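One structure is given here, and the rest of the page talks about it.
When a ligand or atom number is given, it counts from 1 through the structure's own listing order. Not measured: the values here are computed from a predicted model.
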Amino acid sequence: MSPGPGDELPAVDLRSDTVTRPTPAMRRAMAEAEVGDDTLGDDPTVRALEARVAELLGKEAALFFPSGVMANQTALAVQARWGSEVVVEGGAHVFHFEEGAASALKGLQLHPVPTPDGVLRPEHLDAAVRPGSRYLPRTSLVCIENTHLASGGRVIEPDQVRALAEAAHARDLPVHMDGARLWHAAAASGRPLTDYAEPVDTVMVCLSKGLGAPVGSLLAGPAEVLEEAWRVRRRFGGGMRQSGILAAAGLHALEHHLPDLPETHARTLRLAAAFDALPGFRVVPPETNVLLVDLEPGGPDPTEFLNFLRFDRILMLDFGPRRLRAVLHRDVDSPAMARVLDSLARWGRQAGAA
Ligand SMILES: *Cc1c(COP(=O)(O)O)cnc(C)c1O
């Protein structure tokens with residue numbers, strides 16, 4: 001095969017917002033971080049990051065984890081009882097993308113509730129929470145996701161979070177929020193992070209979902225819950241030592257990259273408009289940095305389209321039957337956006353000429 005014209009260009013990688021690389025300034029912050037043995041409680045940079053995130057979310061404490069999956073699963077392990085059920089929204093990351101961890105590691109049964117928009121509402125709990133019969137499993141936790149990835153990065157608004165949390169608490173069920181992209185919800189709505197986090201018991205946030213840090217997630221919540229989470233993190237092999245080098249990247253991201261999210265969201269809207277102008281493409285209107293694009297029946301072939309983009313060194317994900325996904329992030333700058341828009345325009349001209 002002959003090489004494409006763009007083979008020398010770096011790829012515009014829209015597969016996920018996890019593909020960002022640390023900036024030179026972030027690498028400097030990492031190199032210069034003051035560190036200690038975090039398992040002995042001695043790493044000042046980790047402690048500073050945990051305090052900062054607890055403050056941002058309005059929680060008593062926060063704990064630094066090597067991944068979002070480990071932090072989510074720790075939240076489940078600490079708050080849900082062995083052999084019981086956790087009610088989750090049907091498209092949830094904890095259900096689809098965490099390698100069956102809740103059942104494999106903690107003997108939990110996830111009870112997925114399909115919703116049209118990713119929003120778990122009080123009436124869903126009426127149907128999903130078990131009534132307390134000895135012939136049915138017990139429900140012990142409710143889990144929501146914000147922003148909701150499978151519905152296209154949708155924001156669950158604070159009043160929706162509160163309504164759900166109140167309905168769960170009325171049944172004595174704690175609520176965990178998978179807030180891998182909670183930063184995006186707050187940036188999109190202009191509401192403080194605390195408005196989203198306050199109604200729920202525990203919150204997980206990722207530093208590598210659009211914020212540009214290479215590693216790291218945190219679990220925030222009551223100090224007593226996090227004391228137990230510390231043990232479970234250790235049990236899962238997630239206790240770290242001089243992890244201040246990683247925490248420094250997180251602190252840098254919170255200070256310098258958090259303010260850039262609205263720009264990323266504006267680019268997502270621009271990309272959505274460009275797709276919507278093409279015949280045969282329909283976008284799910286984006287609210288944050290995730291764009292889902294549906295290909296109409298009888299319209300463009302997904303593989304052919306993805307290959308067309310790949311020839312221009314632009315990467316998107318195949319996200320299900322006739323659905324594509326693009327996730328915008330800070331490494332997609334203006335020139336990269338221009339390349340994507342140019343490719344889409346060329347596809348449009350080619351389709352129009354055919
Ligand atoms: C990325 C992500 C996680 C955590 O996944 P990691 O692979 O551990 O980073 C959890 N929930 C959602 C919704 C995510 O997008």
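Between His257 and Thr23 there is a side-chain heavy-atom pair separated by less than 4.5 Å. Contact annotation: the side chain of Leu291 approaches that of Val283 to within less than 4.5 Å [non-hydrogen atoms, C-beta and beyond].
Pocket lining of ligand 1, defined as residues with a non-hydrogen atom under 4.0 Å away: Ser67, Gly68, Val69, Asn72, His93, Glu98, Glu145, Leu149, Asp178, Ala180, Arg181, Met204, Lys209.
The closest side-chain donor-acceptor pair between Ser103 and Gln109, if any, does not fall under 3.5 angstrom. Donor-acceptor pairing under 3.5 Å is recorded for the side chains of Asp17 and Asn289.
Salt-bridge check for Arg282 with Asp276: passed, with a basic side-chain N closer than 4.0 Å to an acidic carboxylate O.
The aromatic rings of His93 and Phe97 sit tilted, their planes meeting at an angle between 30° and 60°.
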